[in-house]
Amino acid sequence: MNVRAPKGTADMLPEVARAWEYLTRTAQELFARYGYEPIYTPLFEHTEVFTRGIGEATDIVSKEMYTFTDRSDRSLTLRPEGTASVVRSALEHSLVPQGSYVKLYYAGPMFRYERPQKGRMRQFWQIGIECLGAAEPSVDAEVIAVLIRFFEAVGIPLENMRLLINSMGDETCRPAYRETVATFIRDHGEALCEECNRRAETNPLRAFDCKNPGCVEVMAEAPLFRDELCDECADHYEAVKEYLDGLGITYEEDPKLVRGLDYYTRTVFEVQVDAGLGSQNAIGGGGRYDRLMEQYGGKPTPGLGFALGFERTLLALEAAGVEIPAPPLAEVYVARVDESVSGMAFGFTSALRETGIAAEMDHQARSLKAQFKQADRLGARLTVIVGPDELDAGEVTVRDMGTKEEVRVPIEGMAGRIAALLA
RNA sequence: GUGGGUGUAGCUCAGUUGGUUAGAGCGUCGGACUGUGGCUCCGAAGGUCGCGGGUUCGAGCCCCGUUACCCACCCCA
């Protein structure tokens, strides 16, 4: 059998798994302070949830979905992102209170069928938040703040990050702007790549994303949405910026920031870093999606959120030289002198653990020397030596691995004494 | 889907113009006088040299195919 994990997937070995849990803990703590509650949705959904929400013409839907039919011929798809599922769930269970809003966060694996490379996997982890029901620009600023604060909290230096923001307009002003850009593309067709020419018909705004040097040059001359937003969208955008200024969060306006999902309206944003991600640069991003709930048949319900990538965040942390704290595997190691005391050693280890102390012992009857090496490797601060001599006196020897000092401790109340020594 | 690079012990890599028993460092295990660690020293285990063909007296080294991984394009977390 093939013992390799499937292409584009990776085992998270203990070192990485620890980092994973660290990111998760940090997020949970931070998100809770902003009033977000956890939600877990299925890893797969009816395919329609994504085709309708994310958009047929997007790369994600047109060529990256893991779609399959189950035994009853239902078309299901492994989720390529988190927002669509959360919004579907919020609609299904009426999570958005009338006249109010709900704040949710999620974490877990996402799936996209792509050629893997640095910072891009077929199964990758995201953690994200969604705020459903609130249309006010202060919420936009708050969501952006949570994203920035998270990266700060895990240890990415502020100066390594770049926050880009833009407005994608709404149903009032976007159609006209779309047409303006489509026309612009057709007018400059011969100077643009094949893909961009196709975009004039499918999704003109994405032409701003093209990295082809010729296209970049031409698109630099294209009319900017910033200048054609309707009054409401322009006001909203201005307000978001004011709130961000108030929070002291620095951002760069990028009129060409066009995110790859169709559901975005008004505010969109992305956090980028320059080092560690290979040719990728975004570690998190999101935006507002005021029409998404309606696309699923719900009442008009504004919403917005962000998603950030675990793998990419770790790459960025690595590039910044941040070490993720690793607790010792054992605070106390129980060494036994010979097999005659195995039973006692086993009992002591268990008693320590029940007292709340991380304790480890040797199960393989190895030499005392080997046991000390093990104690050292595990990072134990104390080693309890269990030998016939000690037991005869109703005691054990406790060695401080740092100072090498040894004291005899009565077996009676040993766990408590050791806990005191560790304190 | 397209292009480039790389596949030698658990990990990181050497392997000279093809030549006989394939090496190192790290890690693991054991030992350096009797119940004791981090340094040092000694030793051991561990390899279908990605796989399949071919050339050759002889291939880890050359050729062809194949596969896996990596990186890049596209796009995104």
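Since this is a predicted model, take the numbers as computed values, not measurements. Labels below follow one simple rule: chain letters A, B, ... track the order of the sequence lines, proteins then strands, and each chain is numbered from 1.
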From [atom1] of [X] over to [atom2] of [N], roughly how many Å is that when rounded to an integer?
X	N	atom1	atom2	answer
A:Leu315	B:C76	CG	P	19 Å
A:Ile129	B:A77	CD1	C1'	15 Å
A:Phe150	B:A77	CZ	C1'	12 Å
A:Gln272	B:C76	CD	C1'	11 Å
A:Leu368	B:G30	CG	C1'	15 Å
A:Asp376	B:G27	CG	P	13 Å
A:Lys7	B:C71	NZ	C1'	12 Å
A:Leu317	B:A77	CG	C1'	14 Å

Take a 6.0 Å sphere around CD of A:Glu171 and say whether it holds more than 12 heavy atoms from other residues, nucleotides or ligands. yes
* A:Glu318, CD atom: more than 12 neighbouring heavy atoms under 6.0 Å -> no
Scan every strand shown for a Watson-Crick or G-U wobble partner of [N], both distances under 3.5 Å, and answer none if you come up empty.
N	answer
B:A14	none
B:U20	none
B:A59	none
B:G35	none
B:C73	B:G1
B:A45	none
B:G7	B:U67

Sugar-phosphate only, base, or nothing, as touched by [X] at under 4.0 Å among non-hydrogen atoms:
X	result
A:Thr383	nothing
A:Met121	base
A:Gln280	base
A:Glu311	nothing
A:Ile60	nothing
A:Gly119	base
A:Ala370	sugar-phosphate
A:Arg377	sugar-phosphate
A:Glu114	base
A:Arg206	sugar-phosphate
A:Glu390	base
A:Ala282	sugar-phosphate

Between A:Leu247 and A:Arg149 the two heavy atoms that sit nearest each other are O-NH2, 3.6 Å
Heavy-atom closest pair (A:Ala326 atom, A:Arg18 atom, distance to 0.1 Å) is CB-NE, 3.6 Å
When only distance counts, do a donor and an acceptor, one from the side chain of [X] and one from the base of [N], lie under 3.5 Å apart?
X	N	value
A:Lys373	B:G30	no
A:Glu406	B:U36	yes
A:Gln126	B:C76	no
A:Arg312	B:C76	yes

Nearest listed nucleotide, side chain of [X], among [options]:
X	options	result
A:Arg366	B:C73, B:A77, B:G30	B:G30
A:Val337	B:C74, B:G37, B:G35	B:G35
A:Arg115	B:U36, B:A77, B:A72	B:A72

Checklist entry - Is there a donor in the side chain of A:Tyr237 and an acceptor in the side chain of A:Glu253, or the other way round, less than 3.5 Å apart? => result yes
Below 4.0 angstrom from OP1 or OP2 of [N], is there any side-chain N or O of [X]?
X	N	value
A:Lys369	B:G37	yes
A:Arg336	B:G35	no
A:Ser279	B:C71	no
A:Gln117	B:A72	yes

On RNA chain B, more 5' by nearest nucleotide between A:Tyr264 and A:Pro116 is A:Pro116
Assert: residue with more 5' nearest nucleotide on RNA chain B, out of A:Lys63 and A:Met401, is A:Met401
Which is it for A:Asp389 and A:Val337 under the side chain to side chain contact (heavy atoms under 4.5 Å, CB included) test, yes or no, and what are the steps along the way? CA-CA 10 Å; A:Asp389 298 351; A:Val337 172; over 6 Å; no
request  = Under the side chain to side chain donor-acceptor pair (under 3.5 Å) rule, what do A:Ser138 and A:Glu142 come out as? Steps first, then yes or no, please.
outcome  = CA-CA 6 Å; A:Ser138 52; A:Glu142 188 179 283; over 6 Å; no
Taking the [atom1] atom of each, how far is [N] from [M], in whole Å?
N	M	atom1	result
B:C69	B:C11	P	16 Å
B:G50	B:C70	C1'	15 Å
B:G38	B:G31	P	13 Å
B:A77	B:A22	C1'	44 Å
B:A68	B:G52	C1'	15 Å
B:G37	B:A59	C1'	48 Å
B:A14	B:G7	P	8 Å
B:A24	B:G15	C1'	10 Å

Taking the inter-plane angle between the rings of A:Trp125 and A:Phe310 on a 0 to 90° scale, is it parallel (under 30°), tilted (30 to 60°) or perpendicular (over 60°)?
tilted
- Using the six-membered ring wherever Trp is involved, compare the ring planes of A:Phe68 and A:Phe44 and label them parallel, tilted or perpendicular (cut-offs 30° and 60°). perpendicular
Is the ring of A:Trp125 stacked on the base of B:A77, with centres less than 5.5 Å apart and planes under 30° off? no
Would you call A:Arg112 and A:Asp59 a salt bridge, taking side-chain N to carboxylate O under 4.0 Å as the test? no
